[in-house]
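Start at 1 and go down the list; that is how both ligands and their atoms are numbered. Here the structure is a predicted model, which is why all the values come from computation and not from measurement.
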Amino acid sequence: MIQVGIIGAGSWGIALAVLLHNNGHKVTIWSIIEDEVNMLKVQREHKDKLPGVKIAEDILITNDLKEAASNKDMLVLAVPSPYTRSTSRMLREYVSENQLIVNVAKGIEESTLYTLTDIIEEEIPGVNAAVLSGPSHAEEVGREIPTTCVAGAKAKENAEFIQNTFMNEVFRVYTSPDILGIELGGALKNVIALAAGIADGLGYGDNTKAALITRGIAEISRLGTIMGGKKETFSGLTGIGDLIVTCASMHSRNRRAGILIGKGYTMDEAMKEVKMVVEGVYSAKAAIKLAEKYQVSLPIIEQVNEVLFFEKPAAEAVKELMIRDKKIEHSDLPWE
Ligand SMILES: NC(=O)C1=CN([C@@H]2O[C@H](COP(=O)(O)OP(=O)(O)OC[C@H]3O[C@@H](n4cnc5c(N)ncnc54)[C@H](OP(=O)(O)O)[C@@H]3O)[C@@H](O)[C@H]2O)C=CC1
Ligand SMILES: O=C(CO)COP(=O)(O)O
């Protein structure tokens with residue numbers, strides 16, 4: 001048994017708290033919102049965010065960050081990516097040198113273009129920042145539906161420690177040294193999931209969805225490898241795997257927001273309607289900046305930005321993708 005502090009009591013934080021408790025660990029879960037903590041302490045369930053998933057009485061729920069973060073073998077950072085920096089800053093005074101912090105959020109900071117482990121390491125010098133990512137909707141993990149993820153860490157021992165802590169017969173965890181590739185895949189797939197949702201909202205079909213997923217992973221991989229991620233990672237669970245689940249599932253907030261936009265909602269209206277965090281909206285802007293910085297072409301992601309931020313009608317964006325210059329599918333595949 002180890003002591004784990006889960007920082008963030010949204011749907012993913014709660015699903016992982018329940019999983020780790022089922023694995024026999026001592027779990028404390030923290031939320032910044034006092035009302036949420038009081039509600040969770042009484043109801044032992046988040047009826048809005050993760051209905052039907054009971055939080056056992058011996059999972060400690062707290063609004064006190066010191067109580068949640070001090071003297072823990074592992075911290076799991078499960079706040080939405082726009083809060084990774086502010087939360088890391090608050091955590092700094094409670095964690096010791098070499099503290100293992102497992103980031104489970106998915107995003108890229110628009111102002112700095114940092115990944116989330118970059119932010120954690122900048123705000124809390126001396127920690128071991130790692131990731132856990134993959135195709136894993138909280139709603140299904142909470143119902144113990146078989147799921148696979150990847151634990152990424154600089155040191156093999158840390159990746160294996162995370163693997164051993166999380167893994168059970170319904171949650172299989174692989175290890176990887178490619179933290180950057182894992183984080184880029186997780187953040188950028190949300191932008192393509194918005195596109196897939198938009199296509200659904202426009203009434204397009206499975207052919208369109210397959211095209212967006214396949215050409216979407218090509219964009220993610222093109223940018224991700226130039227930035228230093230490994231190409232194998234983009235064809236693995238945290239790349240194509242997470243992209244498939246997010247583009248296909250009604251659990252995805254990004255896809256659901258996209259569907260509404262495809263039906264004519266504005267970005268703000270769609271985000272309000274979905275209620276929970278729609279991180280693809282932030283990652284879309286960051287991706288465009290990265291494309292400029294690294295001189296990479298990202299046609300789908302560019303069109304998503306046009307629709308989200310420049311009021312381009314969604315159908316027009318799809319048409320522009322279809323009538324782009326003619327291309328060879330794989331530019332590095334020569335004819336004999
Ligand atoms: N849900 C999922 O299936 C999965 C999610 N993830 C990732 O996990 C991360 C968290 O997502 P998820 O749990 O679903 O999000 P939710 O929207 O369910 O919950 C987010 C939580 O953060 C709280 N919050 C609000 N403001 C702040 C703040 N200033 N500082 C810290 N926390 C704040 C929210 O409070 P309030 O309720 O008041 O808004 C809420 O409790 C995201 O990056 C997501 O991509 C990864 C894999 C699966
Ligand atoms: O990352 C996820 C599943 O792996 C969740 O995606 P959404 O944020 O779109 O709900």
Check the side chains of [Y] and [X] for a donor-acceptor pair under 3.5 angstrom, ignoring hydrogens and angles.
X	Y	answer
Asn103	Thr117	no
Glu139	Ser11	no
Thr225	Lys231	no
Glu123	Ser88	no
Tyr114	Glu122	yes
Thr175	Gln163	no

Checking a contact table here: which protein heavy atom is nearest [atom], and how many Å away?
atom	result
atom 11 (O) of ligand 1	Arg253 NH2, 3.9 Å
atom 13 (O) of ligand 1	Trp12 N, 2.9 Å
atom 1 (N) of ligand 1	Ser11 OG, 3.3 Å
atom 40 (C) of ligand 1	Lys49 NZ, 3.4 Å
atom 44 (C) of ligand 1	Glu279 OE1, 3.2 Å
atom 20 (C) of ligand 1	Pro80 CG, 3.4 Å
atom 10 (C) of ligand 1	Ala78 O, 3.3 Å
atom 31 (C) of ligand 1	Val79 CG1, 3.6 Å

Quick check on contacts: which atoms of ligand 1 are under 4.0 angstrom from a heavy atom of [X]?
X	answer
Ala138	1 (N), 2 (C), 3 (O)
Val277	15 (O), 17 (O)
Ile32	27 (C), 28 (C), 30 (N), 31 (C), 32 (N), 33 (C)
Lys106	43 (O), 45 (O), 46 (C), 47 (C)
Ala9	41 (O)

Qualifying residue for side chain to side chain contact (heavy atoms under 4.5 Å, CB included) with Asn22, from Leu19, Val18, Leu20:
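Testing each of Leu19, Val18, Leu20 against Asn22, the sole residue satisfying side chain to side chain contact (heavy atoms under 4.5 Å, CB included) is Val18.
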Pair [X] + [Y]: basic N to acidic O under 4.0 Å:
X	Y	result
Glu121	Lys154	yes
Lys312	Glu320	yes
Glu45	Lys47	yes

| request: Quick one: look at Val104 and ligand 1, take heavy-atom pairs under 4.0 Å, and tell me if it's side chain, backbone, both or neither. | output: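 Answer for Val104: backbone.
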Is it the side chain, the backbone, both or neither of Glu36 that has a heavy atom closer than 4.0 Å to ligand 1?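 Side chain only.
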Exercise. Hey, is CZ on Arg143 packed in by over 12 heavy atoms from elsewhere, all under 6.0 Å?
Worked result: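 For Arg143, atom CZ is not crowded (no more than 12 foreign heavy atoms under 6.0 Å).
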> Do other residues, nucleotides or ligands put more than 12 heavy atoms under 6.0 Å from the CG atom of Asp58?
Replying inline: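 Atom CG in Asp58 is crowded, with more than 12 foreign heavy atoms closer than 6.0 Å.
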ask   = Can you list, by chain and residue number, every protein residue with a non-hydrogen atom closer than 4.0 Å to ligand 2?
value =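 Ligand 2 is contacted, at a heavy-atom distance under 4.0 Å, by Lys106, Gly134, Pro135, Ser136, His137, Lys189, Asp242, Thr246, His251, Ser252, Arg253, Asn254.
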Could you check whether any heavy atom of Ser136 sits closer than 4.0 Å to an atom of ligand 1, since that is the contact criterion I want to use?
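Yes.
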Original post:
Distance under 6.0 Å and angle within 45° of the ring axis: does Arg172 meet both against Tyr174?
Top reply: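 Judged by the rule, Arg172 and Tyr174 form a cation-pi pair.
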task = Determine, for Tyr204 and Lys209, whether the Lys NZ or Arg CZ falls below 6.0 Å from the six-membered ring centre while staying within 45 degrees of the axis.
result =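 Judged by the rule (NZ or CZ under 6.0 Å from the ring centre, within 45° of its axis), Lys209 is not positioned above Tyr204.
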Of the listed options (Ile33, Leu16, Val76), which comes nearest to atom 36 (P) of ligand 1 when hydrogens are ignored and any heavy atom counts?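 Nearest option to atom 36 (P) of ligand 1, by heavy atoms: Ile33.
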